[in-house]
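So the structure is just underneath, and the comments pick up after that.
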Amino acid sequence: MATTKAAGTAKNLNDSNPKYLGVKRSDGQKVTIGEIIVRQRGTAILPGKNTGLGKDHTIFSRIAGHVKFRSARKINFDGKTTRRAVVDIVTN
């Protein structure tokens, strides 16, 4: 006979680290060169004027200025037109 009883295994104890996604600079805020504006999975928000798109879909500033969010019409691959959010950097 066994000296100890059979114990169950704990399967759901592992958890991944948070990814801290979302909008980091809101409309009208001042940004410098290279500052992250949006961290996202996929391009829910599109890059506009004076912004760049990283390989993980992070939108960052290419110049110093102010953040400006706007809405734009975009034609999808199936021909449908949708409205998408676009972020620009404007100089004042």
Side-chain angles (χ1 to χ4, degrees):
M1 286 184 65
T3 57
T4 59
K5 288 186 177 181
T9 59
K11 293 182 179 180
N12 294 326
L13 294 179
N14 298 329
D15 196 7
S16 62
N17 293 328
K19 301 306 177 208
Y20 302 105
L21 301 176
V23 177
K24 306 301 179 187
R25 296 290 175 261
S26 60
D27 195 27
Q29 275 191 302
K30 193 181 289 187
V31 291
T32 58
I33 298 172
E35 200 165 332
I36 292 175
I37 303 164
V38 179
R39 300 227 342 123
Q40 58 188 349
R41 292 289 172 257
T43 51
I45 300 173
L46 299 174
K49 297 180 182 84
N50 301 316
T51 59
L53 186 68
K55 68 178 184 178
D56 61 345
H57 305 287
T58 296
I59 298 175
F60 59 92
S61 171
R62 290 192 182 271
I63 64 167
H66 290 86
V67 177
K68 180 70 178 161
F69 283 91
R70 63 182 168 90
S71 182
R73 279 180 285 170
K74 183 179 181 305
I75 299 173
N76 293 336
F77 290 109
D78 60 357
K80 292 182 181 177
T81 303
T82 58
R83 306 234 6 124
R84 299 286 297 276
V86 181
V87 61
D88 300 320
I89 303 296
V90 294
T91 56
N92 289 348

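Count residues from 1 along the sequence. Just so it is clear, the values below take in all heavy atoms, side chains as well, and ignore hydrogens, waters and symmetry mates.
In this structure, the separation between OG1 on T91 and NE2 on H66 is 10.0 Å, given to the nearest 0.5 Å.
Applying the salt bridge (Lys or Arg N to Asp or Glu O under 4.0 Å) test to pairs two or more places apart or on separate chains, those with a residue in residues 26-35 are R25-E35. Listed by first and then second residue, the salt bridge (Lys or Arg N to Asp or Glu O under 4.0 Å) pairs that reach into residues 57-83 are R70-D88, sequence neighbours excluded. Applying the side-chain hydrogen bond (donor to acceptor under 3.5 Å, both in side chains) test to pairs two or more places apart or on separate chains, none has a residue in residues 44-55.
Using a 4.5 Å cut-off between side-chain heavy atoms of Ile, Leu, Val, Met, Phe, Trp and Tyr, V23 falls into a hydrophobic cluster with V31, I37, V38, I45, L53, I59, I63, V67, F69, V87, I89.
A donor-acceptor pair under 3.5 Å links the side-chain atoms of Q40 to the main chain of H57, judged by distance alone. Side-chain atoms of R84 come within 3.5 Å of backbone atoms of T43 as a donor-acceptor pair (strictly under, hydrogens ignored).
Residues passing the side-chain contact (heavy atoms from CB on, under 4.5 Å) test with I36 are K24, R39, T58, sequence neighbours excluded.
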Quick one: do L13 and K11 satisfy side chain to side chain contact (heavy atoms under 4.5 Å, CB included)? Show the steps, please.
CA-CA 6 Å; L13 294 179; K11 293 182 179 180; over 6 Å; no
